[in-house]
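Before I ask anything, let me first share the structure, which is written out below as structure tokens.
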Amino acid sequence: MAAASLLAASTQVSLTGHWQGLFLLRGKEGVRLELKDDLFLGDGPRLLWGVSFARVRKLVAGRGAGETGAARLDFDFDEAEGNGIIRNLLGDGTEVVTLFGRYEDSEGRTPRGLFVGGALPDIAADGHLQNESGMAYRDARGWHHVWCNVNEGVYDTVHGAMIYPSAWRFGGSRLLVRERDRLVLSSTHEIELSGTTIRMERYAYFRAGEPWFKLGVHFVNAGDQVARFAYLYGDEPWVGDFGSSAGNVGWTARGIVDREGFVETGEDRFAGVYDVDSRTANFLAWLGDEKPLALFFSNRPGPPKTRDAPLSSNEIFLGAEWKVTSLPPGGSWSLLLAVGLAEVDPVTGPRLPRAFRL
């Protein structure tokens, strides 16, 4: 009885109602333990004991690995917390999964909302299975990593400060459209910036059979001061195998990119990372007139420090930056991206999916 009382007194209980399982972890600080009903990417190293309910949840949802027939979308999304997974069963026995808001960032905080990244508990608990995290593709060979935890931020150009998603106030998320072949989700956020408040609305659009989703980002200056900021979207995606950039190179419409540098956005409306070993490739495209101020490949997060250096690090990075120079009170600014899995021709290499239209 004394031991049980001591255990209870030294354990922080963090039950959110997700009920993805039951997990006992080492505390982040001090000697306290933590009892959780969910496990995010980044929690694995602290895990002492746990049981996942993932298989039961899949069974209840009726999901079938390797299914052929009509393409369809399955999802398990928590609107209150703004996280979950979308499974796009492509109809040919393959699938693409996209996870939102299920990871800890570098500061140990968890973004809430439509931010690509993370894993379900079974994957988060096992460092050898993390190809099935972020955005991932499964074919007859197994799981291939496509995108990792997004490196996204709003840069306050007045004060020279980067504001990352986990610091944005979360205003909630919603499932707006739920159909067999179409899903639309949203999340809202607020950012304190340059003496004003920016409201951000995010929309994720999925269609069954399409191995990408469209991400709409809408900014409104809800304050009474002019806002000046830059918006950045990027990733060191570790295409092919989680944790490794071995075999990764860049690619654009003009071919393979194996050196650091900037992409000419006047000609190219997309770029991606290609793993020559697994023959897996991703792509990031923008739709409409809001082209990036800069689109680049580098050996680490952020623009390249030097020009023309070989892409040879374990953090090969694809990044894009947009700059809003003067957004008045009440003004708005929007862009629409496509984030997904590219096709790979056995002769010519990576290309946009045939059904995708810029």
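Positions are given from 1 along the sequence. Only this structure's heavy atoms are used, side chains among them; waters, hydrogens and symmetry mates stay out.
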- Item | Verify same cluster id: Val263, Trp286 (apolar side-chain graph, 4.5 Å) | yes
- Message: Set out, in order, the CA-CA distance, both residues' side-chain angles and the distance that settles side chain to side chain contact (heavy atoms under 4.5 Å, CB included) for Ile191 and Thr197, then state yes or no.
- Response: CA-CA 6 Å; Ile191 309 165; Thr197 299; over 6 Å; no
- Centroid-centroid under 6.0 Å between Trp212 and Phe356 rings: yes
- Would you call Phe283 and Leu352 a side-chain contact if the rule is heavy atoms closer than 4.5 Å? yes
- Kindly state each residue pair satisfying ring pair (Phe, Tyr, Trp, His ring centres under 6.0 Å) with at least one member in residues 232-259, sequence neighbours excluded. His145-Phe242, Trp238-Phe242, Trp251-Phe270
- Query: Okay, side chain of Ser313, backbone of Asn299: is any donor-acceptor separation there less than 3.5 Å?
  - Reply: yes
- Is Trp333 reachable from Val226 through a run of I, L, V, M, F, W or Y residues, each pair having side-chain heavy atoms under 4.5 Å apart? no
- Residues that Arg259 engages under salt bridge (Lys or Arg N to Asp or Glu O under 4.0 Å), provided they are two or more places apart: Asp308
- Task: Examine the side chains of Thr280 and Asp275 and answer whether a donor and an acceptor come within less than 3.5 Å of each other.
- Result: no
- Query: Below 4.5 Å, heavy atoms only, C-beta onward: do Leu185 and Phe77 meet side chain to side chain?
  - Reply: yes
- Partners passing ring pair (Phe, Tyr, Trp, His ring centres under 6.0 Å) against Phe115 (at least two apart in sequence or in another chain): Trp168, His189
- Message: Would you say Leu311 ends up clustered with Val276 if hydrophobic residues are merged whenever their side chains have heavy atoms under 4.5 Å apart, either directly or through other cluster members?
- Response: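 The answer is no; the residues belong to distinct hydrophobic clusters.
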- Pairing of Lys36 and Asp43 as salt bridge, 4.0 angstrom limit: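 Yes.
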- Item | Where Ser298 and Pro303 come nearest, the two heavy atoms and their spacing |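 For Ser298 and Pro303, the tightest heavy-atom pair comes out as CB-C, 4.2 Å.
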- Donor-acceptor contact present, side-chain Asp37 to main-chain Gln20, <3.5 Å: no
- Does Thr196 use its side chain to pair, donor to acceptor, with the backbone of Leu193 at less than 3.5 Å?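 Not at all, since once roles are kept as given, no pair shorter than 3.5 Å links the two residues.
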- Item | Main-chain N/O of Val344 paired with Arg351 side-chain donor or acceptor, under 3.5 Å | no
- Message: Could you measure the distance from the CZ atom of Arg102 to the CG atom of Asn83? Nearest 0.5 Å is fine.
- Response: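 Here the rounded value is 5.0 Å.
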- Query: Got a second to check how far Arg72's CZ is from Leu90's CG, nearest 0.5 Å?
  - Reply: 11.5 Å
- Note on the structure: So side-chain hydrogen bond (donor to acceptor under 3.5 Å, both in side chains) across residues 200-209, not counting sequence neighbours, yields Glu152-Arg202, Glu201-Tyr203
- Between Asn221 and Gly331, is there a donor-acceptor pair closer than 3.5 Å when you use the side chain of the first and the backbone of the second?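 Not at all, since once roles are kept as given, no pair shorter than 3.5 Å links the two residues.
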- Message: Do Leu295 and Trp322 sit in one hydrophobic cluster, given that two such residues count as connected whenever their side-chain heavy atoms are within less than 4.5 Å of each other, even indirectly?
- Response: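 Cluster IDs for Leu295 and Trp322 match.
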- Should Val116 and Leu215 be counted in the same cluster of Ile, Leu, Val, Met, Phe, Trp and Tyr side chains packed under 4.5 Å apart? yes
- Task: Spell out, as yes or no, whether a donor-acceptor pair under 3.5 Å connects the side chain of Arg141 to the backbone of Arg138.
- Result: no
- What pair of heavy atoms forms the shortest contact from Met135 to Leu341, and how long is it? SD-N, 4.3 Å
- Message: Any salt bridge linking Lys305 with Glu260? Criterion: basic side-chain nitrogen under 4.0 Å from a carboxylate oxygen.
- Response: no
- Thr94 vs Tyr137 side-chain heavy atoms within contact, under 4.5 Å: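 When only atoms from C-beta onward are counted, Tyr137 and Thr94 do touch, with a gap below 4.5 Å.
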- Query: Does the side chain of Leu327 reach to within under 4.5 Å of the side chain of Phe229, using non-hydrogen atoms?
  - Reply: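 Result yes, sub-4.5 Å side-chain heavy-atom pair found.
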- Message: Exactly one of Thr98, Leu284, Leu99 should register a side chain to side chain contact (heavy atoms under 4.5 Å, CB included) with Trp147. Which one does?
- Response: Leu284
- Query: CD of Glu81 to OG of Ser187: how many Å apart, nearest 0.5 Å?
  - Reply: 13.0 Å
- Item | Set of residues satisfying salt bridge (Lys or Arg N to Asp or Glu O under 4.0 Å) with respect to Asp235, sequence neighbours excluded | none
- Query: Is there a side-chain contact between Ser332 and His218 (heavy atoms, below 4.5 Å)?
  - Reply: yes
- Query: Can you check side chain to side chain contact (heavy atoms under 4.5 Å, CB included) on Asp105 and Thr110, steps first, answer last?
  - Reply: CA-CA 6 Å; Asp105 64 15; Thr110 301; over 6 Å; no
- Message: Distance check, rounded to the nearest 0.5 Å: Arg87 atom CZ versus Asp74 atom CG?
- Response: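 Separation between the atoms: 8.0 Å.
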- Ring center gap for Phe297 and Phe262 short of 6.0 angstrom: no
- Heavy-atom donor-acceptor pair, Asn282 side chain to Gly340 backbone, under 3.5 Å: no
- Item | Within residues 299-321 or reaching into it, pairs that qualify as ring pair (Phe, Tyr, Trp, His ring centres under 6.0 Å) - sequence neighbours excluded | none
- Query: Side chains of Val239 and Tyr274: does their closest heavy-atom pair fall under 4.5 Å?
  - Reply: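 No; the side chains remain at least 4.5 Å from each other.
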- For Leu39 and Ala125, which heavy atoms make the closest approach, and how far apart are they? CD2-CB, 3.7 Å
- Can you list the other members of the hydrophobic cluster that holds Phe170, where links are side-chain heavy atoms under 4.5 angstrom apart?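 For Phe170, no cluster forms, as it stays isolated from other hydrophobic side chains.
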- Message: Please list all pairs meeting ring pair (Phe, Tyr, Trp, His ring centres under 6.0 Å) that have one or both residues in residues 86-108, counting only residues at least two apart or in different chains.
- Response: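 Qualifying pairs, neighbours excluded: Phe100-Phe213.
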- Task: Name all residues meeting the salt bridge (Lys or Arg N to Asp or Glu O under 4.0 Å) criterion together with Glu210; count only those two or more places apart in sequence or in a different chain, and write none if there are none.
- Result: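 By the salt bridge (Lys or Arg N to Asp or Glu O under 4.0 Å) rule, Glu210 matches no residue at all.
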- Item | Pair Val324-Arg228, side chain to side chain contact (heavy atoms under 4.5 Å, CB included): steps then yes or no | CA-CA 6 Å; Val324 180; Arg228 297 176 176 85; over 6 Å; no
- Is there side-chain contact between Asp241 and Asn131, with heavy atoms separated by less than 4.5 Å? yes
- CG-CD distance between Leu48 and Glu34, expressed to the nearest 0.5 angstrom: 11.0 Å
- Task: Work out which heavy atom in Pro292 is nearest to a heavy atom in Thr265; give both atom names and the distance.
- Result: O-OG1, 3.6 Å
Enumerate, atom names and distances included, each donor-acceptor pair closer than 3.5 Å involving a side-chain atom of residues 171-183, sequence neighbours excluded.
unit_1	atom_1	unit_2	atom_2	d
Ser173	OG	Glu79	O	2.5

- Can you check whether Thr252 reaches Val257 side chain to side chain, under 4.5 Å on heavy atoms?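 They are in side-chain contact.
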- Message: If you count every heavy atom of other residues, nucleotides or ligands that lies below 6.0 Å from Arg254 atom CZ, does the total exceed 12?
- Response: yes
- First locate atom CE of Met162, then atom CG of Leu232, and finally report the distance between them rounded to the nearest 0.5 Å. 4.5 Å
- Item | All ring pair (Phe, Tyr, Trp, His ring centres under 6.0 Å) counterparts of Tyr155, not counting sequence neighbours | none
- Does Arg26 have any salt bridge (Lys or Arg N to Asp or Glu O under 4.0 Å) partners at least two apart in sequence or in another chain, and if so, which? none
